[in-house]
Amino acid sequence: MKKELSKQYSPAEIEDRLYAEWESKGYFKPSDDKEKQTYTIVIPPPNITGQLHMGHALDNTLQDILIRYKRMKGFSTLWVPGTDHASIATEAKIVEAMRKEGLTKDDVGREGFLQRAWDWNDKFGGRIVSQLKKMGSSCDWSRKRFTLDEGCSEAVKEVFIRLYEKGLIYRGKRIVNWCPKCLTTISDAEVEYEEQAGSFWHLRYPFADGSGYIELATTRPETLLGDTAVAVNPHDDRYKAVIGKKLILPLVGREIPVIADEYVESDFGTGAVKITPAHDPNDFEVGARHNLEIINVFTDDAKIVDDYPKYAGMDRFEARKTIVKDLEEKGFLVGIENYSHNVGTCYRCSTTIEPRVSMQWFVKMEDLAKPAIKAVKDGDIRFVPERFEKNYFHWMENIRDWCISRQLWWGHRIPAFYCDECNEITVTKEESCVCPKCGKEMRRDPDTLDTWFSSALWPFSTLGWPHDTDDLRRFYPTNTLVTGYDIITFWVSRMIFSGLEYTGKAPFDTVLIHGLVRDAQGRKMSKSLGNGIDPLEIIDKYGADALRFALATGNSPGNDMRFSDEKIENARNFTNKIWNAARFVLMNLDIENIELPENHKLALEDKWILSLYNTLVKDVTANIESFELGVALGKLYDFIWDIFCDWYIELLKPRFAAKGTESNLVAQNVIAYVLCGTLKLLHPFMPFITEEIWQSLPHEGDSIMVSDYPEYNLSLSFSDDERKMDMLISAIKAIRNRRAEMNVPPSKKAALYIVTNHTDVFSDATAVFFEKLASASHVVVCENYSGDDAVQIITDSAAVYIPLAEMVDFEKELERLNKEKENVLKEISRIEGKLSNEGFVSKAPAAVVDGERAKLSKYRDTLTGIEAAIEKIK
RNA sequence: GAGGGUGUAGCUCAGUUGGCAGAGCACUUGCUUGACAUGCAAGGGGUCGUUGGUUCAAGUCCAAUCAUCCUCACCA
């Protein structure tokens, strides 16, 4: 049972071994007992393109804390793992890899391309899984899923068909965001706007009848080729007369009308706007209202189309220069103004988005959004912290239809078929079909679905939906969703409306939001900056527990955090501290079983540590229940380091030296009991080290991870003894303090005379503490001290005299005492002021008032002591 | 344009329901004290951004203001 432990903790030796044991024993799977209450988390599936980064490390640490806690609390827990095919990101990587081989998508064809994509998944999908295992994540790997596996694909088809039949999915010619590099549409949510310095070109368009010009301004002169009108505000007096007149489009020569539309703001620019329905979302709407022609001027990759021979094949930015030059030469350019404006870019490749009119599939959002808003308003789902509900509402209340078709191959192919003969559309789960009207073989839509369409179904598709499986009945709805604030709109909101629409239930009850992990300077970690930190390197160097500690401690929900060397070193030091505390305990342990502390004749310090431990159990439990994981971990840190190590272990050393005594036996039982319980409290946060130590201690059961979580126990609450121990501790600290002030080395032992009313506390039994911890040669508790030439240390419960007269400068000592007296008097008058305030005494809770009274009496005792000391010196 | 976050020790950040301001790192001093120098002990260092308000009591609640960061929308 007992092992020799090395002086320094070496995580590398134990982590992989323990993880393999846990997994092989099936601890990650839910309990077989189907009556047990369940607790379920689905993992935010990492993309198969990447490897684990610090964001994942944080996200999964938090999930593992929750799932391990609930497992120990007796829930049947399930953490469903999996990966996301990440259509656009993966496809871009494969295209890039092929480019290096000199190949294009068309060269290898759809089948060939998909083969490459699956190969990619085999190669990289598994890597992220092994990285999650390194973190200690207790996922049920037997239930691992992939957004593109058979089951998820079936769920996607089912949803598509249901929505189509309900009229909530439609196909339409709309203006969409087109990425000319990725060669696909992207949704509104996937567009990132960035401020760019640009120009405002003032142009003039001549009237067809030769009666002068109308002046307008544009940031995109190259789209002039597709202009089909110029719009003004109907109430703009400057232009009322010209509404309906024709203009000649410069360079092109086409006749276009002047139209009136409320969209135009009279006081912006010249009050006249060129309208290009094919290449601007607002213009598209104006065009629709006025029945304007839609003239597309760009190819897929944003080059000018062949219809304009002079510019054909030019890139849009090159065309801009040429067109501006031509306009200038022909006298249509009035001037150029510097102008900074927001430009939409692709969230994957940062290429400037080209709005483009095309036939796409959309999800009609209005009806889906309403119940999703209600579920959060009603509290069926809550966000932690709550403030993110506002973001959610804002997004949901202003939602526009969701463009779901993507011109990509890697993804769920849209289950729609078209008849080239009679234009019939059929939506079906089948892989091919013939036209129900004319019997001709139908052509399948070549496009795939937005990758978020499948991740929106993740909480239930992973459990077997649309089939009514055991897992779905047992584990759905899930409980907590843990994710970063950056994907609330992309993912969380879509899971909520999807869950409500297809299963009739909110997919989870709580959304725990965390922030970003930034570098030590507070910068976002990114590839381009090269400031990313690899969690696996950290694990190799410091261990997974240290990494988990560094990520979980001092972090509060929804807030960004910095990751730094100091933080991880502190975490590593903490693991080492725990290791050595355990090592000390084991060195002094010869009991085979830990007996409950109630059965023993407990010493003061035993009751004190048990009482503090008991409070810790209550606090940590409450903090975890309310998702204050950082606070809970902070309390564990303080208890282990400051209370357990720095005090209790030190207090016990004399008893451990006295082998074979009853007191020694009691000490063994109490310290083992407290250590064991504390390890359990810490286990969800730091699973490896706690398991390794727990296995070395006397224990029942096979693993700490399936042991019972400690419960608050009223019979371990000893408030009197806490107070008594505090008297001793503050006396010891005061003595140390004085000795340090006087530069007395610890090796210089001195006699202590303690004058006190609390002879039950300052007694023969506790004298040894002063010898061990306050450098006392011997301790005398007496009614009063009559010897002269002593250093006097006054606490609220005792006056301590150290005959060290030769080391003390009396004048300095008097000065110090007077200063201390002044401080105490200040405190006394502060509290007296408070207590003489009628409002405070009558309105504040009795406990607070009593607390103040007790403090006052302590300070008065201290004052008496100080005054006596001053008297003595004089 | 709309919404939100943050502002606490030199630095990075906690601070749960309002009840005497905390940690880590850094700094000063002293310690090879029988688990740990990845350690022990003692210490210095804060008008809790600013101004008002509510309250017996405000870092905490309210209002305003300054600084800073973010999200959403977007006017050509």
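Proteins come first, then strands; the chains are lettered A, B, ... in the order of their sequence lines, and each starts at number 1. Computed from a prediction, not measured in an experiment: that's the story for all the values here.
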Inset, instruction - Decide yes or no on side chain to side chain donor-acceptor pair (under 3.5 Å) for A/E337 and A/H202, but give the supporting numbers first. - result: CA-CA 8 Å; A/E337 196 183 329; A/H202 288 255; 2.7 Å; yes
Looking at [X] and [Y], does any basic side-chain N land under 4.0 Å from a carboxylate oxygen?
{"X": "A/D261", "Y": "A/R289", "answer": "yes"}
{"X": "A/E566", "Y": "A/R572", "answer": "no"}
{"X": "A/R853", "Y": "A/D850", "answer": "yes"}
{"X": "A/K834", "Y": "A/E852", "answer": "yes"}

OP1, OP2 of [N] versus side-chain N and O of [X]: anything below 4.0 Å?
{"X": "A/T219", "N": "B/A76", "value": "no"}
{"X": "A/Y339", "N": "B/A76", "value": "yes"}
{"X": "A/R400", "N": "B/C74", "value": "yes"}
{"X": "A/N737", "N": "B/G43", "value": "yes"}
{"X": "A/K653", "N": "B/A35", "value": "yes"}
{"X": "A/Y193", "N": "B/C72", "value": "no"}
{"X": "A/K274", "N": "B/A76", "value": "no"}
{"X": "A/R736", "N": "B/A42", "value": "yes"}
{"X": "A/W395", "N": "B/G3", "value": "no"}
{"X": "A/R562", "N": "B/C13", "value": "yes"}

Using the [atom1] atom as the point on both nucleotides, what is the distance between [M] and [N], in whole Å?
{"N": "B/U54", "M": "B/A63", "atom1": "P", "value": "15 Å"}
{"N": "B/C25", "M": "B/U38", "atom1": "P", "value": "12 Å"}
{"N": "B/G45", "M": "B/A2", "atom1": "C1'", "value": "43 Å"}
{"N": "B/A37", "M": "B/C11", "atom1": "P", "value": "32 Å"}
{"N": "B/A14", "M": "B/C27", "atom1": "P", "value": "24 Å"}
{"N": "B/G53", "M": "B/U12", "atom1": "P", "value": "33 Å"}

Whole-Å distance separating the [atom1] atom of [X] from the [atom2] atom of [N]:
{"X": "A/E386", "N": "B/G5", "atom1": "CD", "atom2": "P", "result": "11 Å"}
{"X": "A/E741", "N": "B/G44", "atom1": "CD", "atom2": "C1'", "result": "12 Å"}
{"X": "A/E566", "N": "B/G24", "atom1": "CD", "atom2": "P", "result": "13 Å"}
{"X": "A/E628", "N": "B/G15", "atom1": "CD", "atom2": "P", "result": "8 Å"}
{"X": "A/K390", "N": "B/G3", "atom1": "NZ", "atom2": "C1'", "result": "8 Å"}
{"X": "A/N391", "N": "B/A73", "atom1": "CG", "atom2": "P", "result": "12 Å"}
{"X": "A/R572", "N": "B/G24", "atom1": "CZ", "atom2": "P", "result": "16 Å"}
{"X": "A/Q521", "N": "B/C69", "atom1": "CD", "atom2": "P", "result": "16 Å"}

Base [N] paired with [X] side chain (donor-acceptor, <3.5 Å):
{"X": "A/N342", "N": "B/C74", "value": "yes"}
{"X": "A/R830", "N": "B/C20", "value": "yes"}
{"X": "A/K577", "N": "B/C36", "value": "yes"}
{"X": "A/E650", "N": "B/A35", "value": "yes"}

Legend entry - A/C645 SG to A/F639 CZ distance, which is reported to the nearest 0.5 Å: 9.5 Å
With sugar-phosphate meaning primed atoms plus P, OP1 and OP2, does [X] contact a base, only sugar-phosphate, or nothing at under 4.0 Å between heavy atoms?
{"X": "A/I649", "value": "base"}
{"X": "A/K733", "value": "sugar-phosphate"}
{"X": "A/Q8", "value": "base"}
{"X": "A/G554", "value": "sugar-phosphate"}
{"X": "A/F388", "value": "nothing"}
{"X": "A/S556", "value": "sugar-phosphate"}
{"X": "A/D619", "value": "nothing"}
{"X": "A/N837", "value": "sugar-phosphate"}
{"X": "A/W641", "value": "sugar-phosphate"}

Inset, instruction - Identify whether NZ of Lys or CZ of Arg in A/R220 sits under 6.0 Å from the centre of the six-membered ring of A/W201 and within 45° of that ring's axis. - result: no
Identity of whatever pairs with [N] - Watson-Crick or G-U, under 3.5 angstrom:
{"N": "B/G43", "result": "B/C27"}
{"N": "B/C36", "result": "none"}
{"N": "B/G7", "result": "B/C66"}
{"N": "B/U71", "result": "B/A2"}
{"N": "B/U16", "result": "none"}
{"N": "B/U54", "result": "none"}

Could you work out which one of [options] sits closest to the side chain of [X]?
{"X": "A/N570", "options": "B/G5, B/G24, B/G19", "result": "B/G24"}
{"X": "A/K7", "options": "B/C56, B/U16, B/C36", "result": "B/C36"}
{"X": "A/F268", "options": "B/A76, B/A35, B/G19", "result": "B/A76"}

Inset, instruction - State, to 0.1 Å, how close A/D280 and A/D283 come at their nearest heavy-atom pair, and which atoms those are. - result: OD1-N, 3.0 Å
Inset, instruction - Output, in order, the C-alpha distance, side-chain angles, deciding distance and verdict of side chain to side chain contact (heavy atoms under 4.5 Å, CB included) for A/Y712 and A/T621. - result: CA-CA 9 Å; A/Y712 180 72; A/T621 305; over 6 Å; no
